[in-house]
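First comes the structure, then the notes that go with it.
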Amino acid sequence: MEIKMAPSLLAADFLHLEDEIRRAEASGADWLHCDVMDGVYVPNISFGFPVISPIGALTKLPLDVHMMTVCPEKYVDRLAEAGAASVTIHTDHTDGETVRDTLKAIRSAGMRAAAALRPKQPASDLDPYLELIDMALIMTVEPGFGGQKFMRDMMPKVRAVREALNRVNPSCGIQVDGGIGASTVSEAAGAGANIFVVGTASFRAPDMAEALRSFRRTAESSYRG
Ligand code: DX5
Ligand code: ZN
């Protein structure tokens, strides 16, 4: 499974976004993770289309859009127009049929579809969607804010999702998001994660390129699929 590093824009300096995106590109980022928050699904508001669309036009990095919003189904077409490469939706704010339809719509619009579990959800919540996704996101903090502490107790869930995927959709990746950095990458990779969202530990590292290089090395040597 390919290891990918996805710096999270939430930790960037918003007054200098273009410079920050260039810094991520020059530092070896694979994807750019964009956290969209609506103040309803999570107790925080971040940014939306007026920010994502110009970023999509600016960078060649694939945009990995994490929709921490209710009703993500309303925005699939606009996400595709904005240049999103992958769209992750949460699975606990609506019914299963809407989640399935939204994942299918994301794929039909030419993007990778991903489904997320927040900390209180068990691995089995993803079972109905395993064949409809190109990535599973296991949150390793409560969604809503950067800079929180990694929840180590999510690792058995990462392993359980990896094993379930190995049976029905083995090429599907697993992303972890929240508190990823020098001391946590190896645990997450050992549990079966291969795509790492890194906010604080990338944009706010003294040397972003060196940080991403070392996280990648660690992930590559610790990964267990
Ligand atoms: C939190 C967001 C994360 C956040 C991660 O809800 O989904 O993507 O930016 O930030 P760090 O890496 O600082 O925990
Ligand atoms: Zn995120």
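Quick caveat: nothing in here was measured; it's all calculated off a predicted structure. Side chains included, hydrogens not; waters and symmetry mates left out as well; all remaining heavy atoms used.
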Donor-acceptor side-chain pairing of Q175 and N194 below 3.5 angstrom: no

Rounded to the nearest 0.5 Å, what separation is found between the OG atom of S86 and the CD1 atom of I106? 9.5 Å

Side-chain contact test, heavy atoms from C-beta onward, threshold under 4.5 Å: evaluate it for D64 versus L32 and give yes or no. no

Working to the nearest 0.5 Å, report the span between CE of M154 and CG of D177. 13.0 Å

Side-chain touch M155/F150, heavy atoms, less than 4.5 angstrom: yes

Taking only residues two or more places apart in sequence, or in another chain, which ones meet F203 in a ring-ring contact (aromatic ring centres under 6.0 Å, His included)? none

Could you check if a side-chain atom of L63 sits within less than 4.5 angstrom of a side-chain atom of I52, using non-hydrogen atoms only? yes

Distance from T140 atom OG1 to R118 atom CZ, nearest 0.5 Å? 13.5 Å

Throw together a table of side-chain donor-acceptor distances under 3.5 angstrom for residues 68-85, partners on residues two or more places apart or in other chains.
none

For E18, the side-chain contact (heavy atoms from CB on, under 4.5 Å) test, sequence neighbours excluded, returns R22, L58

Between V197 and V161, is there a shared hydrophobic cluster once you connect ILVMFWY residues whose side-chain heavy atoms come closer than 4.5 Å? no

For the residue pair V176 and T184, establish whether any side-chain heavy-atom pair is separated by less than 4.5 Å. no

same_hphob_cluster(V198, F145) at 4.5 Å side-chain heavy-atom cutoff: no

Only counting residues at least two apart or in another chain, list the ones meeting salt bridge (charged side-chain N to carboxylate O under 4.0 Å, His left out) with E2. K4

Nearest heavy-atom contact between L212 and G28 is CD1-C, 4.3 Å

Go through it in stages, so that I can follow the logic: the residues are D101 and E97, the test is side-chain contact (heavy atoms from CB on, under 4.5 Å), and I'd like the CA-CA distance, side-chain angles, deciding distance and then a yes or no. CA-CA 6 Å; D101 287 347; E97 197 180 327; 4.2 Å; yes

Hey, could you give me the OG/CD1 distance between S8 and I180, rounded to the nearest 0.5 Å? 11.5 Å

Kindly indicate whether the side chain of L10, heavy atoms from C-beta on, has any atom under 4.5 Å from the side chain of M37. yes

Shortest non-hydrogen separation from A189 to F196 and the atoms involved: CB-CZ, 3.8 Å

Of all residues at least two apart in sequence or in a different chain, which pass the ring-ring contact (aromatic ring centres under 6.0 Å, His included) check with H93? Y41

Hey, does L117 have a side-chain heavy atom less than 4.5 Å from the side chain of D92? no

With R100, which residues qualify under salt bridge (charged side-chain N to carboxylate O under 4.0 Å, His left out), at least two apart? none

With F47, which residues qualify under ring-ring contact (aromatic ring centres under 6.0 Å, His included), at least two apart? F14

Donor on one side chain, acceptor on other, S46 and D35, under 3.5 Å: no

Are I174 and W31 in one and the same hydrophobic cluster, where Ile, Leu, Val, Met, Phe, Trp and Tyr link if side-chain heavy atoms are under 4.5 Å apart? no

Any side-chain heavy-atom pair from C172 and I133 closer than 4.5 angstrom? yes

To the nearest 0.5 Å, how far apart are CG in L61 and CD1 in I21? 8.5 Å

Determine yes or no for a side-chain-to-main-chain donor-acceptor pair under 3.5 angstrom, with N169 supplying the side chain and L130 the backbone. yes

Please answer: with hydrophobic residues joined when any side-chain heavy atoms are less than 4.5 Å apart, are I45 and L15 in the same cluster? no

Honestly curious: do F49 and I89 fall in one hydrophobic cluster under the side-chain, below-4.5 Å linking rule? yes

Pairs touching residues 145-165 that satisfy side-chain hydrogen bond (donor to acceptor under 3.5 Å, both in side chains), sequence neighbours left out: R152-E187, R162-N166

Who else is in V141's hydrophobic cluster (ILVMFWY, side-chain heavy atoms under 4.5 Å, direct or via others)? L137, M139

For H90 versus P143, what's the shortest heavy-atom pair and its separation? CE1-CG, 4.3 Å

Nearest heavy-atom neighbours spanning A219 and I3: CB-CG2, 3.8 Å

Do P119 and E142 have side-chain heavy atoms sitting under 4.5 Å apart? yes

Can you give me the closest heavy-atom contact between I195 and G173, atom names plus distance? CD1-CA, 4.2 Å

Taking side chain to side chain donor-acceptor pair (under 3.5 Å) as the definition, give me every residue that meets it alongside T102, ordered by chain and number, with sequence neighbours left out. none

Taken to the nearest 0.5 Å, the spacing of D13 CG from R204 CZ works out to 8.5 Å

So the side-chain hydrogen bond (donor to acceptor under 3.5 Å, both in side chains) pairs with at least one residue in residues 215-225 (sequence neighbours excluded) are D30-R216

Any idea which heavy atoms bring A211 and A201 closest together, and the distance? CB-O, 3.7 Å

Please list, chain by chain and in numerical order, all residues satisfying side chain to side chain donor-acceptor pair (under 3.5 Å) with D95, sequence neighbours excluded. T98

Please determine whether side-chain contact (heavy atoms from CB on, under 4.5 Å) holds for the pair L132 and V99, giving the CA-CA distance in whole Å, both sets of side-chain angles, and the decisive distance to 0.1 Å. CA-CA 10 Å; L132 297 175; V99 173; over 6 Å; no

Please test V87 against M67 for side-chain contact (heavy atoms from CB on, under 4.5 Å), starting from the C-alpha separation and ending with a verdict. CA-CA 7 Å; V87 175; M67 294 293 282; 4.0 Å; yes

